[in-house]
Student: 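Next up is a structure, given as structure tokens.
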Amino acid sequence: MISDYADNHMSITYAFHSFLRVFVMLVILYHAIGPGALVYLIMILIILKILKINNEKYYGMLEEQSEEKRYANYLRDLNYERRYYAERYSFKYTESLSREYAKAKNRMIKTQFKERLANVIRLELTDLPVFIGFFLIFYQLIVAVQAGSITTGLFTAILGQMIALLELLRYDLDGAVWELQRVYRYFKQYSKLTDWGFESDKGEGASRPDFTNPIKIENLSFQYPETERYVLNKLNLELHDGETVMLAGANGSGKSTLIKLLVGLYEDYEGAIKIGGIESKDLSAPKRHALIGTMFQDYAKYYLNLEDNVCFGHRDEHFDELLERYNLNEIPRNEILRKLADSSVDLSGGQWQRIAHARLMNQDKKILLLDEPTSALDPLEESRIYTEMAKSIDDKTCLIVSHRLGLAKFVDRIVFMDEGQTVESGSHEELMELDGGYARFYKKQRSLYYAKN
């Protein structure tokens, strides 16, 4: 970070010196040939415009290429990463992936070549106004010498400065504009990052969260960027303080999307999401993080030791109890949790999921959001995990997304979603009596455990 600031400071200093030289030359010309110096100014403005367009196109190419590069790198990882070895070996797809990787790499190289060629052409075109302006000013200087307005010595001095100016305009000015645009983009991206994760309180001011209704959603609609279908469509949902709610429904009904909106990963929604009585868009990231703990469906697997995976530097006196509760004591505490060397270990999917549970419960959050939290666990372990969770979430509000309907007996209420809306809400018994979507899901899942007659 320090080196970035130093580089940016040097870039701004360099650009300032370049523009200062241009300004000084403009002042000298004005004193020599009067209003004729406007030719020089117009020439500078034209060049600046050309350079700005040129650099924007080049940066656009770099951004476009970053997507192609990520895709090519992903294909490379599929071919070489250890975690994909079993399927590579089983399905024998190494050769086809290698061909696809080569195609992606070639596309990236071709795109880069075309844009760099266009970049060279655009840079060469900037020489045209430079030379036109030079000869126009040279002509005005000759006229001024003949009219006796300037001396031959001053003419020679200005001409020498003009030749130096050619180099300045062709190279230094280009570099200055490039550096300024680079610094601008750097701080623009940095601003986006800080706004997303580290900004101070936004609109909530002195208001404090009201946990009478920890989560209240009204007429919520949302569609992912560059898509037309609404994943959530005028959804309404309310969670009460200390309530545990199970969110069920078919794939694509919007359950995981709702979790992402509650966490704040997207803010371009319609309707209202109130967390602790505060509109989600007005809730600062630090305050949101202090209130909400989340376990995503695609939880991360950190290749660190067990304590770092669970605590990330926030270990307290309950750490040992947490490992016991989630059956993690069999995992070596000081070894890297990935088979990188003899001093590291591999874990099963269930063990990783139990670590994700422990990581969530290690945080003292008022609201817990869990997306398919037991998908990798066997039924016995799943039941044990939920039993342990129930003991430690009495004072918390929980929203749990799950297709495993055995969870129903551990929750206070079940909300069933369909096509982006909440269509049923109640206890397991109430929804079974209703004989709607939830009842059909439950009966279908239960039938899988019974032999056919």
Side-chain angles (χ1 to χ4, degrees), residues 58-118 189 224-227 229 231 250-252 255-257 259-260 265 294-306 308-310 312 328 330-332 334-359 371-379 381-382 401-404 448:
Y58 188 71
Y59 273 118
M61 181 273 294
L62 292 179
E63 289 178 355
E64 181 183 338
Q65 264 209 328
S66 65
E67 186 174 338
E68 294 179 350
K69 186 176 181 179
R70 284 195 299 271
Y71 178 63
N73 288 342
Y74 172 67
L75 293 175
R76 180 199 61 200
D77 291 344
L78 289 181
N79 262 328
Y80 296 107
E81 283 277 340
R82 180 180 180 273
R83 54 184 163 155
Y84 303 115
Y85 172 75
E87 289 208 359
R88 279 201 311 268
Y89 177 80
S90 177
F91 294 110
K92 306 295 182 186
Y93 59 54
T94 300
E95 186 177 346
S96 61
L97 270 181
S98 296
R99 287 196 299 268
E100 185 62 29
Y101 171 67
K103 289 178 186 177
K105 197 76 172 175
N106 287 335
R107 283 196 300 270
M108 188 173 65
I109 292 172
K110 286 179 182 178
T111 302
Q112 191 175 34
F113 174 78
K114 281 196 225 177
E115 189 48 47
R116 286 188 174 176
L117 180 61
Q189 294 297 324
Y224 284 101
E226 301 181 9
T227 63
R229 186 179 78 89
V231 182
N251 289 331
K255 304 183 299 297
S256 294
T257 298
I259 296 294
K260 292 175 182 176
L265 295 181
T294 311
M295 178 179 170
F296 292 104
Q297 184 174 3
D298 51 347
Y299 54 86
K301 302 175 182 179
Y302 300 103
Y303 301 135
L304 306 167
N305 63 35
L306 180 60
D308 288 338
N309 257 280
V310 172
F312 281 102
L328 296 172
E330 78 276 12
I331 300 175
N334 298 317
E335 296 183 7
I336 300 299
L337 304 185
R338 186 190 186 191
K339 198 62 180 174
L340 296 172
D342 292 338
S343 61
S344 57
V345 295
D346 264 341
L347 299 182
S348 68
Q351 287 174 312
W352 276 117
Q353 194 157 53
R354 296 205 304 273
I355 287 175
H357 273 277
R359 183 160 57 236
D371 191 357
E372 296 292 353
T374 58
S375 57
L377 302 179
D378 62 67
E381 186 64 21
E382 178 183 33
V401 173
S402 182
H403 289 102
R404 309 274 283 264
L448 299 175

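Just so you know, these numbers come straight off a predicted model, no measurement behind them. All residue numbers refer to positions in the sequence shown, counting from 1.
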Student: What distance do Lys260 atom NZ and Ser256 atom OG have between them, rounded to the nearest 0.5 Å?
Tutor: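 If we round to the nearest 0.5 Å, Lys260:NZ and Ser256:OG are 6.5 Å apart.
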Student: Are the side chains of Tyr299 and Asp371 in contact, using a 4.5 Å heavy-atom criterion?
Tutor: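 A side-chain contact under 4.5 Å is absent here.
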Student: Where do Leu75 and Ala104 come nearest, in terms of heavy atoms and distance?
Tutor: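 Nearest heavy atoms, Leu75 then Ala104: CD1-CB, 4.1 Å.
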Student: Could you measure the distance from the CG atom of Asp77 to the CG atom of Leu97? Nearest 0.5 Å is fine.
Tutor: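 Rounded to the nearest 0.5 Å, the CG-CG separation comes out at 11.0 Å.
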Student: Does Tyr80, at its OH atom, have more than 12 non-hydrogen atoms belonging to other residues, nucleotides or ligands within less than 6.0 Å?
Tutor: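 No - once you tally the heavy atoms of other residues, nucleotides and ligands closer than 6.0 Å, there are 12 at most.
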Student: Would you mind reporting whether Ile331 and Leu337 have side-chain heavy atoms less than 4.5 Å apart?
Tutor: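 SC-SC contact between Leu337 and Ile331 confirmed.
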Student: Less than 3.5 Å apart, any donor N or O on the side chain of Gln353 or Ser375 sitting next to an acceptor on the other?
Tutor: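 Yes, a side-chain donor-acceptor pair sits under 3.5 Å.
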Student: Could you tell me which residues satisfy salt bridge (charged side-chain N to carboxylate O under 4.0 Å, His left out) with Arg359, sequence neighbours excluded, listed by chain and number?
Tutor: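 Checked Arg359 against salt bridge (charged side-chain N to carboxylate O under 4.0 Å, His left out); zero matches.
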Student: Quick check: closest heavy atoms across Leu328 and Ala358, and the distance to 0.1 Å?
Tutor: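 In this case the closest contact between Leu328 and Ala358 is CD1-CB, 3.8 Å.
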Student: Tell me, with the steps shown, if Glu330 and Arg354 meet salt bridge (charged side-chain N to carboxylate O under 4.0 Å, His left out).
Tutor: CA-CA 12 Å; Glu330 78 276 12; Arg354 296 205 304 273; 2.7 Å; yes
Student: So which atom in Ala356 and which in Met295 form the shortest heavy-atom distance, rounded to 0.1 Å?
Tutor: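 Minimum heavy-atom separation between Ala356 and Met295: CB-CE, 3.7 Å.
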Student: More than 12 heavy atoms of other residues, nucleotides or ligands under 6.0 Å from NZ of Lys110: is that the case?
Tutor: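 No, the 6.0 Å shell around NZ holds no more than 12 heavy atoms from other groups.
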Student: Tell me if a side-chain donor or acceptor on Asp308 pairs with a main-chain N or O of Leu304 at a distance below 3.5 Å.
Tutor: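 Pair absent, no side-chain N/O of Asp308 close to backbone of Leu304.
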Student: With distance as the sole test, does Asn305 use its side chain to make a donor-acceptor pair with the main-chain N or O of Ile336 at under 3.5 Å?
Tutor: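 Not a single qualifying donor-acceptor pair exists.
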Student: With sequence neighbours excluded, what pairs up with Ser98 under the side chain to side chain donor-acceptor pair (under 3.5 Å) test?
Tutor: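 Checked Ser98 against side chain to side chain donor-acceptor pair (under 3.5 Å); matches are Asn79.
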Student: Between Tyr303 and Asn309, does the side-chain contact (heavy atoms from CB on, under 4.5 Å) criterion hold? Intermediate values first, please.
Tutor: CA-CA 8 Å; Tyr303 301 135; Asn309 257 280; over 6 Å; no
Student: Would you say the side chain of Leu78 lies within less than 4.5 Å of the side chain of Thr94, judging by non-hydrogen atoms?
Tutor: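 Sidechains of Leu78 and Thr94: no contact.
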Student: Side chains of Asn251 and His403: does their closest heavy-atom pair fall under 4.5 Å?
Tutor: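 Counting from C-beta outward, Asn251 and His403 do come under 4.5 Å.
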Student: Could you tell me whether Glu372 and Lys255 make a salt bridge, using a distance below 4.0 angstrom between a side-chain N and a carboxylate O?
Tutor: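 Answer for the salt bridge query: no.
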Student: State whether the side chain of Ser348 and the backbone N or O of Gln351 hold a donor-acceptor pair below 3.5 Å, judged by distance alone.
Tutor: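 Looks like yes, one N/O pair under 3.5 Å.
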Student: Are any non-hydrogen side-chain atoms of Arg76 and Tyr71 less than 4.5 angstrom apart?
Tutor: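 In short, these two side chains do not touch, never coming nearer than 4.5 Å.
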Student: Spell out, as yes or no, whether a donor-acceptor pair under 3.5 Å connects the side chain of Arg404 to the backbone of Thr374.
Tutor: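 Present.
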Student: Do the non-hydrogen side-chain atoms of Met108 and Phe113 ever get within less than 4.5 Å of each other?
Tutor: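 Met108 vs Phe113: side chains apart.
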